[in-house]
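A short write-up of the structure that comes next.
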Amino acid sequence: MNLQELIAEALHLSMEERAHLIQQLVLSMESPSEDELKAEWIKEAHRKASELTHLREQLQVGINQLDQGLGTTINSHEELDELFVTIKGA
């Protein structure tokens with residue numbers, strides 16, 4: 001079916017059906033393509049990865065400062081959790 005035939009068929013639809021068709025066509029033009037969506041997801045994944053890297057660096061700086069203040073070295077999450085429990089209880 002070519003475009004002219006499609007238009008002719010669409011003009012035989014009821015007003016409600018044509019309105020629905022128009023709405024669907026407009027929405028399809030406003031929606032991003034699959035490639036655009038993939039690009040946005042990749043961009044967001046890179047942003048999140050960068051954010052996590054930054055947070056990890058900040059956490060490491062904080063742990064190093066804590067190590068210096070306590071005169072000890074924290075080697076694991078478990079040791080850090082134990083330290084927090086000790087600090088909370090004090």
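Sequential numbering from 1 along the given sequence is applied to the chain's residues. If you're wondering where the values come from, they're calculated on a predicted model, not measured in any experiment.
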Just jot down the side-chain contact (heavy atoms from CB on, under 4.5 Å) partners of [X], sequence neighbours excluded, or say none.
| X | result |
| --- | --- |
| E36 | P32, S33 |
| M1 | E5, L6, E9 |
| S28 | none |

Counterpart residues, side chain to side chain donor-acceptor pair (under 3.5 Å), relative to [X] (two or more places apart):
| X | result |
| --- | --- |
| Q23 | none |
| S14 | E17 |
| Q4 | none |
| N64 | Q60 |

Supply the members, apart from [X], of the Ile/Leu/Val/Met/Phe/Trp/Tyr cluster built from side-chain contacts under 4.5 Å; use none for a lone residue.
| X | value |
| --- | --- |
| L55 | none |
| I22 | V26 |
| L11 | L3, I7 |
| V61 | none |

_Side-chain (T53) to main-chain (A49) donor-acceptor, under 3.5 angstrom_ = yes
_Within residues 47-62 or reaching into it, pairs that qualify as salt bridge (Lys or Arg N to Asp or Glu O under 4.0 Å) - sequence neighbours excluded_ = E44-R47, R47-E51
*Once you round to the nearest 0.5 Å, how far does CG of L25 lie from NE2 of H20?*
10.0 Å
